[in-house]
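A quick write-up on the structure given underneath.
One-based numbering, in listed order, for ligands and for the atoms of each.
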Amino acid sequence: MSQGEMKQKAAKAALEFVETGEIIGVGTGSTVNYFIDYLAEIKHKVEGAVSSSEASSDRLRSHGIPVLNLNDTGTLSIYVDGADESNKHLHLIKGGGGALTREKIIASASKRFICIADDSKLVDVMGKFPLPIEVIPMARSYVAREITKLGGTPVWRDQFITDNGNEILDIHNLEIVNPVELENDLNQITGVVTVGLFAKRPADVLILGGKDGIKRYD
Ligand code: 5RP
């Protein structure tokens with residue numbers, strides 16, 4: 001079974017969290033693309049979606065699902081999104097697709113964060129996947145120097161501009177043994193917009209697709 005098929009299984013399993021009449025939060029990435037396509041089959045159930053990226057908004061609209069502004073919706077019942085890595089506490093690394101800031105905003109504004117992924121994303125200690133950090137462009141080199149002092153190796157994601165007009169540093173060589181503390185420390189660096197560690201606000205449910213079916217952690 002391919003990784004895509006495992007992602008697809010996890011995406012389908014998330015449909016059970018969609019309740020009638022709700023506005024739901026929708027993230028970004030290949031796993032979420034499967035979720036959006038499944039959501040289209042039950043689109044009469046939802047009033048609309050708040051999306052974490054222009055790419056997901058386009059896909060939602062292409063299925064006739066209204067895309068709404070978070071400022072108009074209030075708290076969302078669920079947020080469905082993928083991850084680059086997760087530990088067993090449902091702390092996540094996100095931002096491989098560069099949408100981490102809007103993802104963190106919507107996750108924070110949602111009652112339940114349903115994370116969907118293939119089972120290769122579950123790890124004991126996070127950090128093998130380079131940690132994305134969105135930075136204000138003029139602060140990029142300064143933030144990179146500060147991160148080096150903390151032991152990480154920042155790599156500029158060249159030619160990439162976020163939906164918010166900012167840049168991304170991908171931090172290599174981290175062994176994230178205390179995700180909450182690291183998230184706090186990185187958030188203190190001036191010029192950092194968003195750290196792609198979701199530890200202070202982890203997922204509430206993790207659905208992993210694998211060759212033997214679905215595993216759910218909550
Ligand atoms: C985008 C993300 C994605 O959720 C993450 O990169 C996982 O992507 P995929 O579902 O394609 O494996 O954080 O910013």
Side-chain angles (χ1 to χ4, degrees), residues 1-15 17 24-39 49-60 78-87 90-110 112-123 126-135 155 157 159-172 174 176 179 183 186 192-210 214-215 217:
M1 177 177 287
S2 70
Q3 194 181 23
E5 287 167 326
M6 295 181 202
K7 291 179 179 193
Q8 207 168 356
K9 276 189 187 183
K12 193 171 187 182
L15 284 181
F17 293 91
I24 67 169
V26 172
T28 299
S30 57
T31 319
V32 167
N33 283 344
Y34 290 122
F35 175 74
I36 294 173
D37 295 347
Y38 283 123
L39 185 66
V50 173
S51 153
S52 74
S53 64
E54 302 303 327
S56 289
S57 296
D58 288 346
R59 198 173 188 101
L60 286 158
I78 60 163
Y79 176 53
V80 179
D81 199 0
D84 298 302
E85 278 185 351
S86 174
N87 66 19
L90 312 196
H91 300 143
L92 310 172
I93 287 184
K94 290 187 47 52
L100 60 160
T101 296
R102 296 186 190 188
E103 290 172 347
K104 211 171 226 190
I105 292 168
I106 306 175
S108 301
S110 301
R112 287 227 283 179
F113 177 3
I114 317 298
C115 183
I116 52 177
D118 69 88
D119 63 8
S120 71
K121 304 286 180 81
L122 184 63
V123 297
M126 295 189 295
K128 192 165 175 210
F129 188 93
L131 174 65
I133 299 191
E134 182 166 347
V135 296
V155 175
R157 203 181 291 183
Q159 306 299 325
F160 186 90
I161 300 292
T162 69
D163 284 348
N164 313 304
N166 295 317
E167 298 183 8
I168 301 259
L169 291 170
D170 291 304
I171 316 306
H172 294 247
L174 290 174
I176 307 177
E183 185 178 357
L186 293 170
V192 166
V193 176
T194 301
V195 178
L197 254 181
F198 287 52
K200 290 201 294 181
R201 201 286 177 245
D204 299 297
V205 179
L206 174 64
I207 300 173
L208 294 178
I214 292 296
K215 278 198 183 134
Y217 302 81

Considering all heavy atoms, the nearest His91-Pro179 contact:
ND1-CG, 3.6 Å
If only side-chain N and O atoms count, and only distance matters, is there a donor-acceptor pair under 3.5 Å linking Ser51 with Ser57?
yes
What I want to find out is whether Glu134 reaches Arg102 closely enough, with some N-O distance under 4.0 Å, to be called a salt bridge.
no
Evaluate the side chain to side chain contact (heavy atoms under 4.5 Å, CB included) criterion for residues Thr31 and Asp118: first the C-alpha distance (whole Å), next the side-chain angles of each, then the deciding distance (0.1 Å), finally the verdict.
CA-CA 8 Å; Thr31 319; Asp118 69 88; 5.6 Å; no
Between CZ of Arg157 and OG1 of Thr162, what distance do you get to the nearest 0.5 Å?
10.0 Å
Please list, chain by chain and in numerical order, all residues satisfying side chain to side chain contact (heavy atoms under 4.5 Å, CB included) with Ile105, sequence neighbours excluded.
Leu70, Thr101
Using a strict cut-off of under 4.0 Å between a residue heavy atom and any atom of ligand 1, list the qualifying protein residues by chain and number.
Lys7, Thr28, Gly29, Ser30, Thr31, Asp81, Gly82, Ala83, Asp84, Lys94, Gly95, Gly96, Gly97, Gly98, Ala99, Glu103, Lys121
